[in-house]
Participant: 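Structure provided below as structure tokens; questions to follow.
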2 protein chains.
Amino acid sequence: MSGSIGRVADKSDPVYKADDTPFDVFSRTCPSRPVLEHVTGRWGSLVLAALQNGPVRFNDLRRRVDGVSQKVLAQTLHALERDGFVNRHQLSVFPLRVEYTLTPPGQDVAAKLLELITQVEASMDSVLAFRQDYDSNAAAGHTARA
Amino acid sequence: MSGSIGRVADKSDPVYKADDTPFDVFSRTCPSRPVLEHVTGRWGSLVLAALQNGPVRFNDLRRRVDGVSQKVLAQTLHALERDGFVNRHQLSVFPLRVEYTLTPPGQDVAAKLLELITQVEASMDSVLAFRQDYDSNAAAGHTARA
DNA sequence: CTGCATCCGACTCGATACTG
DNA sequence: CAGTATCGAGTCGGATGCAG
């Protein structure tokens, strides 16, 4: 860490949000930040989204979330399980069968996540269009943007 | 967490398809996935949230998003700017003054993001309670979990 | 003030191999 | 099937220094 960014912000500037939540993700020491990272992480968000429609087994999840490795999927699930967003149910049969489901808090979070994902997908057209513009301008004039 | 969540977007990102095929984040090749990662990334989400209430200058943003370094903040802003979610406005005065604002698409996404963050913060009590339970059970039982 | 370049440690990922 | 252990490689992120 650096000395320059260590707790420089005072409680004098929070312009936004005057609600009653004791948790503030903007603070680096707030326990909600790691939780948010589990939820919004590269794979966490996709895993939660994939669990929206009922129990899913490990390898099904792996197929559904295209590109994730076993190791990382296991890590992701552990984190979400420990946060109480995901429930792991293991059947003592053979072949081994483990089903993952969303807990009630997990459903709440996943619902919001789904809305976000939907919003992002809905924005994709404008994003892609903007990027083309942005890239060509950057290639030509450099800092000469709108 | 590192991964490539916070990686800077560049022209080597998966190329887009111009047809009207629906975007599916679950697909590894879908262009919406990197965009979602910019938005939900460790810092991207906090930056978008911090920009909700109007223009913010670089260093203000840095103070607001506690713990982020200049380099990473700049990277994050570049990615979001290229996606068309954030607008960078530089005033040619001295001292140099740069203001970042949300574009309309950025506002839509940030709104959903805020809801998600609020939901996560609202879940924190149950999360922390659950974790205590989870950890003691794991400690008693067998191998410790992450 | 803003922010790019570079160096470098720390961390994460993914592939493989192995256990229950 | 459902993971865990290990290892190499790649990346990220922080600090510093410099430029506009």
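Note on naming: letters A, B, ... go to the chains in the order of the sequence lines (proteins, then strands), and numbering restarts at 1 for each one.
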Participant: Kindly determine whether A:Leu61 and A:Leu51 satisfy side-chain contact (heavy atoms from CB on, under 4.5 Å), including the steps that lead there.
Facilitator: CA-CA 8 Å; A:Leu61 209 45; A:Leu51 287 176; 4.0 Å; yes
Participant: Give, for atom CD1 of B:Ile117 and atom NZ of A:Lys112, the distance between the pair rounded to the nearest 0.5 Å.
Facilitator: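 Reported value, rounded in 0.5 Å steps: 12.5 Å.
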Participant: With each end axis built from five pairs of C1' atoms, what bend angle do you get for the helix from C:dC1-D:dG20 to C:dG20-D:dC1? Round to 10°.
Facilitator: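 Answer for the end axes of this duplex: 50°.
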Participant: Determine the minimum heavy-atom distance between A:Phe23 and B:Glu121, stating which atoms define it.
Facilitator: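 Between these two residues, the closest heavy atoms are O-OE2, 2.9 Å.
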Participant: Has A:Asp66 got a side-chain atom pairing as donor or acceptor with B:Ser27's backbone, closer than 3.5 angstrom?
Facilitator: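 Not a single qualifying donor-acceptor pair exists.
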Participant: Once you round it to whole Å, what is the distance between P of C:dC13 and CH2 of A:Trp43?
Facilitator: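 The distance from CH2 of A:Trp43 to P of C:dC13 comes to 9 Å, rounded to the nearest Å.
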Participant: Counting neighbours of CD on B:Gln132 that are heavy atoms of other residues, nucleotides or ligands and sit closer than 6.0 Å, is the number greater than 12?
Facilitator: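 It does not: B:Gln132 CD has 12 such atoms or fewer within range.
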Participant: Can we say A:Arg57 and A:Glu99 salt-bridge, meaning some charged N sits less than 4.0 Å from an Asp/Glu carboxylate O?
Facilitator: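 So A:Arg57 does not pair with A:Glu99 through a salt bridge.
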Participant: Send over the distance from A:Glu81 CD to D:dA2 P, rounded to a whole Å.
Facilitator: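 That distance rounds to 15 Å.
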Participant: Working to the nearest 0.5 Å, report the span between CZ of B:Arg82 and CZ of A:Phe130.
Facilitator: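 Between atom CZ of B:Arg82 and atom CZ of A:Phe130 there are 10.0 Å.
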Participant: Please report the distance, rounded to the nearest Å, between CG in A:Leu61 and P in D:dG3.
Facilitator: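 Distance check: A:Leu61 CG to D:dG3 P gives 10 Å.
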Participant: Is the closest basic N to carboxylate O distance between A:Asp24 and A:Arg33 below 4.0 Å?
Facilitator: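 Result for this pair is no, no salt bridge flagged.
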Participant: For the pair made of NE2 in A:His89 and P in D:dA2, what is the distance, rounded to whole Å?
Facilitator: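 Distance check: A:His89 NE2 to D:dA2 P gives 13 Å.
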Participant: Which protein N or O atoms sit under 3.5 Å from an N or O of nucleotides 2-5 of chain C?
Facilitator:
{"unit_1": "C:dT2", "atom_1": "OP1", "unit_2": "B:Arg57", "atom_2": "NE", "d": "3.2"}
{"unit_1": "C:dT2", "atom_1": "OP1", "unit_2": "B:Arg57", "atom_2": "NH2", "d": "3.3"}
{"unit_1": "C:dT2", "atom_1": "OP2", "unit_2": "B:Asn59", "atom_2": "N", "d": "3.2"}
{"unit_1": "C:dT2", "atom_1": "OP2", "unit_2": "B:Asn59", "atom_2": "ND2", "d": "2.3"}
{"unit_1": "C:dG3", "atom_1": "OP1", "unit_2": "B:Arg88", "atom_2": "NE", "d": "2.7"}
{"unit_1": "C:dG3", "atom_1": "OP1", "unit_2": "B:Arg88", "atom_2": "NH2", "d": "2.4"}
{"unit_1": "C:dG3", "atom_1": "OP1", "unit_2": "B:Tyr100", "atom_2": "OH", "d": "3.0"}
{"unit_1": "C:dG3", "atom_1": "OP2", "unit_2": "B:Tyr100", "atom_2": "OH", "d": "2.9"}
{"unit_1": "C:dC4", "atom_1": "OP1", "unit_2": "B:His78", "atom_2": "NE2", "d": "3.4"}
{"unit_1": "C:dC4", "atom_1": "OP2", "unit_2": "B:His78", "atom_2": "NE2", "d": "2.6"}

Participant: Take atom CG of A:Leu73 and atom C1' of C:dA15, then tell me their distance rounded to the nearest Å.
Facilitator: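 Taking CG of A:Leu73 and C1' of C:dA15, I get 16 Å after rounding.
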